[in-house]
Number of protein chains: 2
Amino acid sequence: MPVTYDLNTEGELSAQIAAAIRDAIVAGRLIVDERLPSEAELAEQFEVSRPTVREALKRLAAQNLIRTQRGATGGAFVNRLRYEDAYGQQITTSTLLLSMNEVDFDTACEARYALERACVPLAALRRGADHLAAMRAEIHRQAQPGLSDESFCASDVAFHRALVDAAGNPVLSYHLAGAVEAMQPLMNMITFTARSRQRIVDLHTAIADALEAGEASRAEMALADLAAYTVALARDLRARRATRHGAAPAG
Amino acid sequence: MPVTYDLNTEGELSAQIAAAIRDAIVAGRLIVDERLPSEAELAEQFEVSRPTVREALKRLAAQNLIRTQRGATGGAFVNRLRYEDAYGQQITTSTLLLSMNEVDFDTACEARYALERACVPLAALRRGADHLAAMRAEIHRQAQPGLSDESFCASDVAFHRALVDAAGNPVLSYHLAGAVEAMQPLMNMITFTARSRQRIVDLHTAIADALEAGEASRAEMALADLAAYTVALARDLRARRATRHGAAPAG
DNA sequence: AAACATTTAATTGTCTGACAAATCGAACCG
DNA sequence: CGGTTCGATTTGTCAGACAATTAAATGTTT
């Protein structure tokens, strides 16, 4: 039985068509791996030209809702939304949201550490050897002397992703991917001294140790310390910038 | 100075062009409200036809990265990603992720309550009169007798969104929008008896009371109870279904 | 001079028709 | 039986055209 679509009557045709097909997917009238009619058939059904149909399909492809294949048995197929793809969308959306709305560092940081804290009890319960090893490896990297600030930040992100993944809940990992990754551009604006790096490494070690021991509350405390320290670092940076660009330092 | 774009050399042209422009936006080479060259100019720059450019632009429009306007001073403009739009994308992505990957109820539920728990301390600190009023209003609605299961679920979602918003952190609200809303389809499969509704209303009340009193730990406990009860409800439902479709009930 | 109406130019939205590229299946041949 | 060729189908891209929309320039009237 052919799938039927409901069209709105406002806005561009390609947007209407895309919305109609998307609704059909979300509502389950089009199921995973099902093939949509060919572009020519869709054009006929919707009574539009093929380019218009194509623009609609590209909209859906941009959201990973469909994939297209050329050739005789090709066409557009409903995509199973994979965790990986969802991660990616999550990260770009979060990054843009932060960068384009001038979200202040404290707010973003607060959100991130609040969310990570939610993972700690589960991570303490389920952390596997692989997750612990990943965390240790990143800690080791962070302690290396000649590391650039950028690499340090990247390793920081990797550490926290390992922490999140240690909770063993893919839905949780998905939701936190954006929160953790989107902070990287903001963190990259900080210059880490040898002393501040050491402090961070110590706190990371404390977190890993606590998780390995299965002590959630100790890990939460270390995480809270880390959050406070990160906010303080950013605050210092802002203060230094303000004095440099404004009046002379008070001290 | 004209913005320059880097092209990959694999995949479809429209995807390459979309990626190039998206990168330019993410990297800040194209700033908010800046106008892109006209489709004809883009076609010239990228040495492709206008339909190809248009497909690329539609991909970006689908992600709310640009908006287009017709007319003399029209064109494609870089969009400021608004929280609202980000919420929407987050919700549809999360919903699809859950529905298409057969995520079991327990996993999704665990993730949701873990994330909500992260909001509680902040909500206890900052909850405003409006948030509390919204929560009370939803509790009141949930206690009404003739309410359909669907409306009950919708009200449940509204209650939890109010809880999340009470934390007063828009970034946190954004991240949790998906987690809370995407549960609704799963919750809708549950039939709520009068007794289970009463239990949920009681727990919601306990949460609201605790937040009003600023007692985070009490609210966290009530939330944990609610999580456990929800999981138990779903488990009961599964068990009943299994007996109905399989062997006779044991009791 | 000011207010209003008209024209004009620029730009996106859509259509038509065509061809290229990829891909599968079937017919064909060794 | 295995490999090859050919044809059919479908998406990807192109070229050119016209419609719809919008803002600015222009002209007209008061």
Side-chain angles (χ1 to χ4, degrees), chain A residues 2-3 5 7-22 24-25 30 32-79, chain B residues 2-3 5 7-22 24-25 30 32-79:
Chain A
V3 175
Y5 308 93
L7 275 182
N8 290 339
T9 52
E10 53 187 34
E12 302 158 20
L13 284 173
S14 67
Q16 289 176 39
I17 294 168
I21 297 176
R22 187 185 55 231
I25 294 174
L30 288 169
V32 168
D33 290 335
E34 184 171 344
R35 182 182 175 279
L36 278 81
S38 72
E39 295 176 354
E41 287 173 312
L42 285 172
E44 215 175 334
Q45 283 185 35
F46 287 111
E47 297 178 325
V48 297
S49 67
R50 194 160 83 94
T52 302
V53 167
R54 283 183 60 81
E55 288 181 8
L57 294 181
K58 293 313 157 200
R59 293 180 116 106
L60 300 175
Q63 298 172 290
N64 279 312
L65 287 176
I66 60 169
R67 64 182 180 277
T68 54
Q69 240 177 347
R70 287 215 266 202
T73 59
F77 298 85
V78 178
N79 240 347
Chain B
V3 176
Y5 308 94
L7 274 182
N8 289 340
T9 53
E10 54 185 34
E12 303 157 20
L13 284 174
S14 66
Q16 289 177 39
I17 293 167
I21 297 176
R22 187 184 54 230
I25 293 174
L30 288 168
V32 167
D33 290 334
E34 184 170 343
R35 183 183 175 281
L36 291 154
S38 73
E39 296 177 354
E41 288 173 311
L42 285 173
E44 217 175 333
Q45 283 184 35
F46 286 111
E47 296 178 325
V48 297
S49 67
R50 195 159 83 91
T52 302
V53 167
R54 282 184 61 80
E55 287 180 7
L57 294 180
K58 293 311 159 201
R59 293 179 117 106
L60 300 175
Q63 297 171 288
N64 280 311
L65 287 176
I66 61 168
R67 63 181 181 279
T68 55
Q69 243 178 346
R70 288 215 267 203
T73 60
F77 298 85
V78 178
N79 242 347

List for me each residue that meets side chain to side chain donor-acceptor pair (under 3.5 Å) alongside A:Glu34, sequence neighbours excluded, and say none if there are none. none
Which residues pass the side chain to side chain donor-acceptor pair (under 3.5 Å) test with A:Arg59, not counting sequence neighbours? A:Ser14
Which nucleotides of nucleotides 8-18 of chain D have their base under 4.0 Å from a protein heavy atom (B), which only their sugar-phosphate (S), and which neither (-), written as one string 5' to 3'? BBBBBBB--B-
Can you list every salt bridge (charged side-chain N to carboxylate O under 4.0 Å, His left out) pair that touches residues 44-55 of chain B, not counting sequence neighbours? A:Arg54-B:Glu55, A:Glu55-B:Arg54, B:Glu39-B:Arg50, B:Glu39-B:Arg54
Tabulate below the donor-acceptor pairs under 3.5 Å that side-chain atoms of residues 68-75 of chain A make, not counting sequence neighbours, or state none.
none

Output all residues satisfying salt bridge (charged side-chain N to carboxylate O under 4.0 Å, His left out) with A:Arg35, sequence neighbours left out; order by chain, then residue number. none
Rounded to whole Å, please give me the gap between CZ in A:Phe77 and P in C:dT23. 12 Å
